[in-house]
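Position 1 is the first residue of the sequence; numbering continues from there.
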Amino acid sequence: METLRNLLNMQIYGGKSLSDLLTLEFLAQLLGNVVAAVLLLIVGAFVAGWIKRRIIAISKRSAKLDDTLFHFLGNLARYTVLLFTALFVLNTFGVQTTSIVAAIGAAGLAIGLALQGTLSNLAAGVMIIIFRPIKLGDFIEVAGEMGTVKDITLNTIELASLSNTQIIIPNAQVWGNVIENFSVYTTRRAEWTFGVGYGANLKQAEEVIRDTILSDPRAKTDPAPFIQVNNLGDSSVDFLVRVWVDSGDLFQFQADMKRQVKEALDAAGVAIPFPTRTLHIEKGSAVESA
């Protein structure tokens, strides 16, 4: 009996003994707290989901708004509401949340120091999503890699290379490097260097190059093409050629024109030089000179 009496008088919760906790008044209070906590959780989850959906819906109002950014903001708002809901629930049971918030802050600081690399990727991801230097479908070159952007997350971006292999780049390397975006502008300028022999008729060569390139419908005449002698090489006179085309036509157009201009120069009898060597024979010995 003495042991049972001691057990009933032992303080268990909130300075109250087991005998105090077994009263109808306390049980009713505890039941009320549980009901209030459940209602808070239900309302908090509903409000968090509703706020997230409303924020995401904003991105659907205009094609200029980035879906990735509003999904991130929606999730951030949702978790913030759920965090406050959890604190309110703890308060209903008399738990002092001030110490919990302080402990969470200290733990967050320790985790942040341990995960500096991950957090730098996260911070860079937020900057990429907010300022949008790239978007899905862009063809870019960054951190020495080139490809089409397939996905942008808070930690990495995913590229599909020209050979259709997956490339994953941490966001810190993306935001901290020069990004060359080939998809921003609708037109780009194709560029070649064509060399002809020193004995060639330069006016004729220029006309052949101009007529060949401009005969292709992909070449634009406005702005006007640039075709001029740019360099006097060791064995050739070099023409620098620049022509504007639609961005999507650039690579194939450049490849096609290299062959077509070469064939046109051949057909016109314009010599295309290549490096040669001349041998001078003196007293039975060969002396090679460039």
> Is it true that a side-chain atom of Ser236 and a backbone atom of Gly233 form a donor plus acceptor pair closer than 3.5 Å?
Replying inline: no

If you measure from [atom1] on [X] to [atom2] on [Y], what distance do you get to the nearest 0.5 Å?
X	Y	atom1	atom2	answer
Leu159	Lys150	CG	NZ	10.0 Å
Ile140	Asn181	CD1	CG	6.5 Å
Leu162	Glu145	CG	CD	10.5 Å

> If Ile, Leu, Val, Met, Phe, Trp and Tyr residues are connected whenever their side-chain heavy atoms lie under 4.5 Å apart, and connections chain through other members, are Ile179 and Phe131 in the same group?
Replying inline: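 As far as the 4.5 Å side-chain criterion goes, Phe131 and Ile179 are connected within one cluster.
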
> Between Phe139 and Phe182, does the ring centroid distance fall short of 6.0 Å?
Replying inline: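 Yes, they do, as the ring centres are separated by less than 6.0 Å.
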
>> With no hydrogens and no angle check, just 3.5 Å: does a side-chain donor-acceptor pair link Asn171 and Asn121?
In response: no

Does [X] reach the side chain of [Y], with side-chain heavy atoms less than 4.5 Å apart?
X	Y	answer
Val243	Val241	yes
Pro133	Ile128	yes
Phe194	Asp238	no
Val142	Ile169	yes
Leu214	Pro225	yes

>> Taking salt bridge (Lys or Arg N to Asp or Glu O under 4.0 Å) as the definition, give me every residue that meets it alongside Arg242, ordered by chain and number, with sequence neighbours left out.
In response: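 Partners of Arg242 by the salt bridge (Lys or Arg N to Asp or Glu O under 4.0 Å) criterion, ordered by chain and then number, come out as Glu191.
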
> Residues two or more places apart in sequence or in another chain: which of them pass ring-ring contact (aromatic ring centres under 6.0 Å, His included) with Phe46?
Replying inline: none

> How would you list, by chain and number, every residue that makes a ring-ring contact (aromatic ring centres under 6.0 Å, His included) with Phe253, sequence neighbours excluded?
Replying inline: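 Testing Phe253 for ring-ring contact (aromatic ring centres under 6.0 Å, His included), a comparison that skips the adjacent residues, returns Trp192.
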
> Which ILVMFWY residues can you reach from Trp244 by hopping between side chains whose heavy atoms are under 4.5 Å apart?
Replying inline: none

>> More than 12 heavy atoms of other residues, nucleotides or ligands under 6.0 Å from CZ of Phe84: yes or no?
In response: no

Donor-acceptor pairs under 3.5 Å, side chain of residues 245-252 to any protein atom, not counting sequence neighbours: which ones?
{"from": "Asp246", "atom 1": "OD1", "to": "Lys220", "atom 2": "NZ", "distance (Å)": "3.1"}
{"from": "Ser247", "atom 1": "OG", "to": "Tyr185", "atom 2": "O", "distance (Å)": "2.6"}
{"from": "Ser247", "atom 1": "OG", "to": "Thr186", "atom 2": "O", "distance (Å)": "3.1"}
{"from": "Ser247", "atom 1": "OG", "to": "Thr187", "atom 2": "N", "distance (Å)": "3.4"}
{"from": "Gln252", "atom 1": "NE2", "to": "Asp256", "atom 2": "OD1", "distance (Å)": "2.8"}

> What's the shortest heavy-atom distance between Gly74 and Ile55, and which atoms?
Replying inline: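 In this case the closest contact between Gly74 and Ile55 is N-CG2, 3.8 Å.
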
>> Could you report the tightest heavy-atom contact between Leu202 and Phe239, atom names first, then the distance?
In response: O-CZ, 3.6 Å

Show every donor-acceptor pair shorter than 3.5 Å between a side-chain atom in residues 262-270 and any protein atom, with sequence neighbours excluded, or say none if there are none.
{"from": "Lys262", "atom 1": "NZ", "to": "Asp266", "atom 2": "OD2", "distance (Å)": "2.6"}
{"from": "Glu263", "atom 1": "OE2", "to": "Arg259", "atom 2": "NE", "distance (Å)": "3.0"}

